[in-house]
Colleague: 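The structure's right below; bear with me while I get my questions together.
Residue numbers start from 1 in every chain, and the chains themselves are labelled A, B, ... in the order their sequence lines are given, proteins ahead of strands. FYI, side chains are in, hydrogens and waters are out, and symmetry mates aren't considered; it's all heavy atoms of this structure.
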Number of protein chains: 2
Amino acid sequence: MQRRATVYDVAAQAGVSIATVSFVFTQPERVKQTTRDAVLAAAGALGYVPSASARGLAKGRTGAIGLYSYDYLLEPSASDVPSSSSPVAFADAHPRLFPLYADEVQRGVQLECRQRGYAVMLGAGRTPGHMPSVIDVAGRVDGLIAFAGSAPPDAIIQVSKRIPVVELGGESRGEGIRTVFVDNRTGMRLLTEHLVRDHGLRRIVYLGGLGTPEFVARYEGFREALSEAGLPVPAPVPSHPGDDPTTIAAVTHYVGTRTLPDVFVCSTDQEALVAIDALTAAGLDVPADVAVTGFDGILAGRLSHPYLTTVRQPMEEIGRTAVRILIDAMDQPGEGATEHDPLSSAFVLGESCGCRPAQHHVG
Amino acid sequence: MQRRATVYDVAAQAGVSIATVSFVFTQPERVKQTTRDAVLAAAGALGYVPSASARGLAKGRTGAIGLYSYDYLLEPSASDVPSSSSPVAFADAHPRLFPLYADEVQRGVQLECRQRGYAVMLGAGRTPGHMPSVIDVAGRVDGLIAFAGSAPPDAIIQVSKRIPVVELGGESRGEGIRTVFVDNRTGMRLLTEHLVRDHGLRRIVYLGGLGTPEFVARYEGFREALSEAGLPVPAPVPSHPGDDPTTIAAVTHYVGTRTLPDVFVCSTDQEALVAIDALTAAGLDVPADVAVTGFDGILAGRLSHPYLTTVRQPMEEIGRTAVRILIDAMDQPGEGATEHDPLSSAFVLGESCGCRPAQHHVG
DNA sequence: GTGCCGTTGTTATGCGCTTAGATTCCGACC
DNA sequence: GGTCGGAATCTAAGCGCATAACAACGGCAC
C-alpha cells in the first residue's frame with residue numbers, strides 16, 4: 001500500500017491533464033471516448049480512489065447525510081451480555097435490546113438515503129477533544145437528522161446555522177430545525193380507552209417522562225381518555241427509557257403495598273418490558289395481577305410473554321420522511337420548513353393488557 | 001443560513017490568526033486560556049462547524065470507517081409492505097426482513113466504532129456516474145468493511161490498494177484484505193448430526209449456494225456429518241438468500257412428488273423461513289411432514305412458527321471484531337494481516353427440526 | 001545591557017479535487 | 001488556402017483546514 005494515487009498520478013499515466021481526469025468521473029460525456037477509456041484504464045491500474053475529502057472541499061457538499069442518535073441505545077449494559085462460553089446461549093442476541101425504536105428509524109433512514117444516492121454517516125460518541133460529538137458529525141455531512149434529546153440543544157442550534165437539521169421527536173423550531181410529526185396522542189388515547197372501557201381498569205399509574213414533545217403528546221392522549229371517562233388523571237411517575245434502575249424502582253415501589261395499581265401505562269415499550277420483568281421477579285403475574293402497556297411497537301414486544309399491548313409507531317417511515325424533509329431543505333436552502341401530514345400511529349392489542357391470546361401477526 | 005462560517009471568520013471575530021483557531025480545536029493546550037475562550041466564544045457566536053472535508057484533506061485521514069453491505073437486505077419487495085391504511089396492521093414492521101444477518105453485524109460495527117471514536121459511513125447504492133458504489137464509500141473513509149459478494153471483487157482489490165479492507169465471509173487474500181473467521185463448519189455439523197441421529201432423518205436436501213468460503217464451510221460441516229454417519233452426501237440445490245423466487249421454486253419442485261425429503265437443510269435462516277412459507281402454502285406441515293433448518297440465528301427465526309432450528313453466529317461480535325482488525329491495520333500500515341482465533345457459532349435447537357416446543361430463551 | 005530560553009502567535013504552504021475561462025484542435029465551408 | 005465554430009482539453013484558482021517553520025515577547029541570569 002504505497003502512497004495513494006491521486007488525479008495527478010492518473011493524469012500522468014494517461015497523458016492528460018488533471019482536469020480531464022476529473023471530467024471523466026464527473027461529466028463523462030464531456031470527454032472523448034478514447035480519452036475516457038485511457039483515463040479509466042490508468043485509474044484502474046493505479047488503484048485510484050477519488051478522495052471524498054478533496055471532492056467535498058472543492059464542491060462544498062459531501063453527498064452524505066448524518067444520523068445522530070442516543071448513546072444508551074447502542075451500548076448494552078454488562079448484565080445483558082450473556083456469557084459466550086455456554087454453547088446453548090444465544091451468544092450476542094439481545095432481543096430485549098435490539099432492535100429498538102432508534103434502530104428501526106435508522107433503518108428507514110438508510111433505506112431512503114440509499115434510494116436517493118446519499119451516504120449515511122453515523123456519529124461516534126465520546127469524541128476526544130472539546131468538540132461535542134454532534135458537531136463532529138455535522139461537519140461531515142450536508143444535512144443532519146438527530147433524535148431529540150440525543151445532543152445538547154445549543155449544539156443542535158449551532159449545527160442548524162450551517163446545515164439543515166431534522167430533529168425527531170422535537171418541535172419545529174424554525175431556524176432551520178425541522179421535525180417529523182407523528183400522531184402519538186391518538187394512539188395513546190385509544191389504548192387508554194381500551195383499558196378503561198374494555199377491561200374496566202381504574203387504578204392507573206402512568207410511567208414515563210415529559211422530556212420531549214412526543215412524550216408530552218403521549219401523556220396528553222392518556223389524560224384525554226381519562227378525562228372523557230370522568231376519571232382522575234394521575235401525574236406521571238418519572239421514568240426514562242434505558243434507565244432501567246429508575247424504572248424498576250418506580251415499579252417495585254408499588255409492589256407489596258395496598259397501592260398496587262390495575263395497570264402500568266408506560267411511555268415506551270422498553271420501560272414496559274422492564275416493568276414486566278420487575279413485576280414478574282416480584283412474584284406477580286402480568287396481566288392477571290397487574291396489566292402493563294407500552295408505546296412504540298418494537299419487535300421485542302412481540303417476543304415477550306405476555307405479548308405486549310402497545311401503540312406502534314411507523315418507525316421506518318419516520319426515518320424515510322426525515323430524509324425526504326432534509327433533502328428538500330438542502331435543495332432549497334432559503335425555504336422555510338414545509339409542513340407535512342402527521343404520520344399516524346396504530347393501537348396494537350396484545351396480551352399484557354389482559355386480553356386473551358389471539359391470532360397475532362407473528363411472522 | 002448565510003454562508004458557512006470558516007476558520008477565517010472565527011479568526012477575524014476573535015482577533016487572532018487562523019492557525020490559532022485551528023490550535024484551539026486540535027491542540028488546546030498550546031493556546032493561552034484567555035485566547036482560547038475568545039476563540040470558542042467567536043466560534044459559538046458564528047455557529048462555526050469545522051469542515052471534515054477540509055480537515056480530512058489536510059490531515060490525510062477522515063476518522064471514519066466504511067461499511068458496505070448487500071443491497072437486497074435493505075429494500076423490501078413491494079409485496080412485503082403492508083398497506084398502512086389498516087389500523088391494526090403493523091404499519092412498517094417486517095419481522096421477516098429485519099433485522100437480518102447484515103443488520104446485526106452492522107450493529108456490532110456501530111458499537112465498536114462508537115467506542116473507539118470512529119464515525120461509521122454506510123454506503124449508498126446507485127451512485128450516479130461510472131464509479132462503483134463501493135469505491136465511492138471507500139473514498140470517504142480510512143478503512144472499509146465489506147460483506148463478501150456485496151461488491152465486485154476487482155473493486156474490492158482496487159480499494160485495498162488505498163485503504164485496509166476487512167471482507168466478511170470472504171477469505172484472507174493478503175493484499176491488505178483481511179477477514180473475520182467464524183467456525184461455520186462445526187455448527188452445521190452438529191445440526192446435521194442432530195437431524196440424523198436424534199430424528200433419524202435420511203432423505204435430506206441441502207438448499208444453498210457455495211458462493212463464499214463461509215457457505216462452503218457450512219456445506220462442509222453438513223458433508224462431514226453425513227459421511228461420518230455413513231450416509232450419501234447430496235449435492236447442494238442452488239438457492240440464494242434474498243432471491244425468494246428461486247428458493248420457492250427449488251422447494252416446491254419436491255412438493256407433490258414422491259421425492260419430498262425428510263428435511264431441507266438451508267444455508268441461511270432467510271432461505272429456511274421462505275422454505276417454510278412455501279411448504280406451508282403447499283399444504284404441508286412443518287415439521288410433521290417435512291423438517292426445515294436454517295443458519296445464522298436471526299431474530300425472525302425466533303418469531304416464526306415453528307420456532308426455527310438453526311446455528312447462531314455471533315453476529316454482533318463479528319462486526320466488533322472486524323472493526324478491531326481494521327483499526328489495527330490502519331494503525332500499522334506495513335504489517336500483514338494478524339490472524340485471530342475463529343469465533344464460534346452455536347447450534348440452536350428449535351421446533352422446525354421436529355423437536356417439541358421447549359422453554360426457549362424468549363425475551 | 002546582553003544573550004538565552006520557553007511561551008504564545010503568526011506566516012505560508014499544501015492536501016486532492018472541481019470548474020470557470022482560456023486555449024487548442026479539427027473539420028466544414030467560403 | 002484561409003476562416004470560423006464547436007468540441008476537446010488545459011490552465012489556474014481556489015475550497016477550509018493542519019502544521020512546519022518562524023517571529024515576537026517577556027523573564028531571567030549574567
Colleague: Does A:Thr26 have a side-chain nitrogen or oxygen under 4.0 Å from the phosphate oxygens OP1 or OP2 of C:dT18?
Modeller: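 Answer is no, no contact under 4.0 Å.
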Colleague: List the residues meeting side-chain hydrogen bond (donor to acceptor under 3.5 Å, both in side chains) with B:Gln33, not counting sequence neighbours, and say none if there are none.
Modeller: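 Partners of B:Gln33 under the side-chain hydrogen bond (donor to acceptor under 3.5 Å, both in side chains) test: B:Asp37.
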Colleague: So which one's nearest nucleotide on DNA chain C is more toward 5', A:Ile18 or B:Lys59?
Modeller: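 The 5'-side residue here is B:Lys59.
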Colleague: Using atom OH of B:Tyr8 as one end and atom C1' of C:dT11 as the other, report the distance to the nearest whole Å.
Modeller: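 So the two atoms are 11 Å apart, to the nearest Å.
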Colleague: Do the side chains of B:Arg107 and B:Asp103 get close enough for a salt bridge, i.e. N-O under 4.0 angstrom?
Modeller: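 No.
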Colleague: Checking contacts here: which listed nucleotide (C:dG16, D:dT9, C:dG9) is nearest the side-chain heavy atoms of B:Thr35?
Modeller: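 Nearest listed nucleotide: C:dG9.
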Colleague: Are any of A:Tyr48's side-chain N or O atoms less than 4.0 Å away from OP1 or OP2 of C:dC17?
Modeller: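 Looking at the OP1 and OP2 atoms of C:dC17, one of them is under 4.0 Å from a side-chain N or O of A:Tyr48.
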Colleague: If only atom types and distance count, is the side chain of B:Arg30 paired as donor or acceptor with the main-chain N or O of B:Phe23 below 3.5 Å?
Modeller: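 A pair under 3.5 Å: no.
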Colleague: Starting from the 5' end of DNA chain D, give me the residue, B:Ala54 or B:Gln27, whose nearest nucleotide shows up first.
Modeller: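 Taking each residue's closest nucleotide, the earlier one in sequence belongs to B:Ala54.
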Colleague: Ignoring backbone atoms, test whether B:Thr20 places a side-chain nitrogen or oxygen under 4.0 Å from the OP1 or OP2 oxygen of C:dT8.
Modeller: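 Indeed not, no polar side-chain atom of B:Thr20 lies that close.
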Colleague: Taking for each residue the nucleotide of DNA chain D with the nearest heavy atom, is it B:Val49 or A:Lys32 whose nucleotide lies nearer the 5' end?
Modeller: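 The residue closer to the strand's 5' end, by nearest nucleotide, is A:Lys32.
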Colleague: For A:Arg55 and D:dG16, what is the distance between atoms CZ and P respectively, to the nearest whole Å?
Modeller: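 To the nearest whole Å, that distance equals 18 Å.
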Colleague: Quick check: on DNA chain C, is the nucleotide nearest A:Ser53 upstream (toward 5') of the one nearest B:Val16, or the reverse? Name the residue that is more 5'.
Modeller: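 Going by which nucleotide is closer to the 5' end, it is B:Val16.
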Colleague: Quick one: which of C:dT11, D:dT19, C:dT8 gets closest to the side chain of B:Ser17?
Modeller: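 Of the candidates, C:dT11 comes closest.
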Colleague: Hey, does B:Ser22 reach any base, or is it just sugar-phosphate, or nothing, if we go heavy atoms under 4.0 Å?
Modeller: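 Contact class for B:Ser22: base.
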Colleague: Calculate the interatomic distance between A:Phe23 atom CZ and D:dA7 atom P; express it in whole Å.
Modeller: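 A:Phe23 atom CZ is separated from D:dA7 atom P by 15 Å.
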Colleague: I want to verify a distance call: between D:dT11, D:dG16, C:dT8, whose nearest atom is closest to the B:Leu57 side chain?
Modeller: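 For the B:Leu57 side chain, the nearest candidate turns out to be D:dG16.
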Colleague: Report which part of the nucleic acid A:Val31 touches: base, sugar-phosphate, or nothing (heavy-atom distance under 4.0 Å, all strands).
Modeller: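 Touches sugar-phosphate only.
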